[in-house]
Amino acid sequence: MLKVGITGGIGSGKTTVCRIFETLGVSVYYADDRAKALMNKDENIRNRVIALFGMDAYLTDGQLNRKYIAERVFQNQPLLAQLNAVVHPAVFNDSQQWFMQHEDKPYTLYEAAILFESGSHLFLDKTITVFAPLEERVARTMKRDKASKEEVMERVAKQLPEEEKIKKADFVIYNDHSAPLIGQVLTIHQRLIELSG
Ligand code: ATP
């Protein structure tokens, strides 16, 4: 089974593209969602997050206080590194188990906003970058997250530039109206099935 990473800048359309792959029967591991779920549910991780951030790390309903954590790690690189040291290995282990459960498939997708930045691509066989023009990414994300332009630009600034992600990837999907997404997905799907055979 081939393990294929899929990434792209904020609002590039990674999730939208993954949904198309899913309609073809491809299973997708959503790393960012799994990380949040682990931080909410895994007792060991919860305790380690509380050790780093205090009791305010979780809301009274038990859910992760993402806003508080984001504020605390903003411009505090060492604290962010400590948080990553808790979360990244947990996601890695969780994803390895998930991959094992999908061994019978020709290939699966591992979707993450930071793939090359986190080094996750090193344990994957192939990678796909989803590209969309910055203006559209910002406009779509502002609409989706009801966020200001400044807030979105702050998140953009923390990610690897799109050109770098394109250079590093084995495949690129252009979500820029130059060609229909479905056709691009089908071409890569066929190629990955061939490669897995
Ligand atoms: P993030 O990294 O922020 O999670 P993402 O890369 O997963 O973003 P999506 O959530 O798939 O991006 O897309 C961002 C927004 O843009 C969504 O609301 C989505 O519906 C919309 N969108 C993506 N691609 C297109 C498209 N080709 N046409 C219209 N809307 C689109």
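Both counts, for ligands and for their atoms, begin at 1 and track the order of listing.
Side-chain heavy-atom separations under 4.5 angstrom define the hydrophobic clusters, and the remaining members of the one that includes Val17 are Leu2, Val4, Ile6, Ile20, Phe21, Leu24, Val26, Val28, Tyr30, Tyr107, Leu109, Ile128, Val130, Phe171, Ile173, Leu181, Ile182, Val185, Leu186, Ile188, Leu192, Ile193, Leu195.
Remark: among candidates Gln159, Arg19, Lys14, the nearest residue to atom 2 (O) of ligand 1 is Lys14, based on non-hydrogen atoms. With atom 14 (C) of ligand 1 as the reference point, the heavy atom nearest to it among Arg144, Glu136, Glu111, Met142 is part of Arg144. The residue among Asp32, Thr15, Asn175 with a heavy atom at the shortest distance from atom 27 (N) of ligand 1 is Asn175.
Linking ILVMFWY side-chain heavy atoms closer than 4.5 Å, directly or via other members, places Met100 and Trp98 in two distinct hydrophobic clusters.
Checked against a 3.5 angstrom limit, the closest N/O atoms of Ile10 and ligand 1 fall outside it.
Every residue meeting the side chain to side chain donor-acceptor pair (under 3.5 Å) condition with Glu162, not counting sequence neighbours, appears here in chain and number order: Lys165.
Considering all non-hydrogen atoms of both residues, Ser12 and Gly9 come closest at OG-O, 2.7 Å.
Here is the list of ligand 1 atoms found below 4.0 Å of a heavy atom in Gly9: 6 (O). Heavy-atom contacts of Thr16 reach the following atoms of ligand 1: 9 (P), 11 (O), 13 (O), 19 (C), 23 (C) (cutoff under 4.0 Å).
Going from atom OH of Tyr110 over to atom OG1 of Thr7 covers 10.0 Å, rounded to the nearest 0.5 Å.
Among protein heavy atoms, atom 25 (C) of ligand 1 sits closest to Arg140 CZ, 3.5 Å.
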